[in-house]
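Input: a single structure, listed below in structure tokens.
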Amino acid sequence: MPANQPAECYLLVLFMHVFYNEFIRQIGEGTVHVFVVEDEHILRLELKILLENALYQVTAPDTFDKVACQVKDVRPDIVLLDVNLPGISGFDICTQIREQMEVPIIFLTSRTDSMDELNGILKGGDDYITKPYQAPILLARIAAVLKRTKGMEKKAENQIMRNGVRLDLSKCCLFVEAQRVDLTKNEMKILHLLFQHPGEFVSRIDLIEYLWENQLFIDDNTLSVHITGIRKKMGAIGVQDFIETKRGIGYRI
């Protein structure tokens, strides 16, 4: 069970989490979903109440033979996973989850052996919290893991790698190893569409509509000018023949 903690500290952290979740909701990320795997009924109920009061959405099953499948179906933002479960180890469940998807996992356990903590990290856990824990510490550790992992996901979403060339959408540029070339907005949009369809030809019409969907008429030659500009910039960092042209069909990478 959670250890005793000062009421002021608990309320402060709870307020911070309410504020954090409301902010996430307002920017369109939706409510953060926590999947709790805990076999002790009272502790599971306490965790559920604590997290829901902090405005988290909570799923807390009372059977544990199909946890990995449930996590895959529910697709939570983070998993709180007890190590000591009836019939199966939390470490084994973590391995099963990792074989199917990437989701932050925090181990909860009454074990104090440092080797168990090391085993949890090696199995793919993102954090390891020993019972009895303090509620403010638990909430703070959840927030820290979410901040770290969501930041990594966001960074990964903004970068696409194809054939040794990395397109960075947040910086509007291309990287080839340490070399960088800046792109115009339209050059980035052209490459973004091509990067999303590797090995496939994207027609000129699709590119034109993607770039200038709100304009009634665009000179077909404008797209050619942009493609030429992209090739020139890529050539400056040693990349040749990256974009293939097929007359009457379109472009591909």
### Task
Look at the aromatic rings of F242 and F195 and report parallel, tilted or perpendicular, splitting at 30° and 60°.
tilted

### Worked check of side-chain hydrogen bond (donor to acceptor under 3.5 Å, both in side chains) between T245 and R204
CA-CA 10 Å; T245 303; R204 292 179 63 86; over 6 Å; no

### Summary
Correct closest heavy-atom pair for V74 and H33 would be CG1-CE1, 3.0 Å

### Query
Counting only heavy atoms not in K72, do more than 12 sit closer than 6.0 Å to its NZ atom?
no

### Message
Checking side-chain contact (heavy atoms from CB on, under 4.5 Å) between D62 and each of E38, R44, H41, which is the one that passes?
### Response
R44

### Query
Going by atom types alone, do S203 and D206 pair a side-chain donor with an acceptor below 3.5 Å?
yes

### Query
Atom CG in L45, atom CG in L50: separation rounded to 0.5 Å?
11.0 Å

### Summary
What one should report as the nearest heavy-atom pair of R141 and D127 is NE-OD2, 2.7 Å

### Task
Give the other cluster members for I249, using side-chain heavy-atom distances under 4.5 Å between Ile, Leu, Val, Met, Phe, Trp and Tyr residues; answer none if it is isolated.
F201

### Task
Kindly give the heavy-atom pair with the smallest separation between D39 and D82, and that separation in Å.
OD1-OD2, 3.0 Å

### Message
Using every non-hydrogen atom in the two residues, find where I253 and I243 come nearest and quote the distance to one decimal.
### Response
CG2-CG1, 4.1 Å

### Task
Any pair with a residue in residues 236-253 that passes salt bridge (charged side-chain N to carboxylate O under 4.0 Å, His left out), sequence neighbours left out, goes on the list, sorted by first then second residue, please.
E244-R252

### Task
State which residues pass salt bridge (charged side-chain N to carboxylate O under 4.0 Å, His left out) with E52; sequence neighbours excluded, sorted by chain then number.
K48

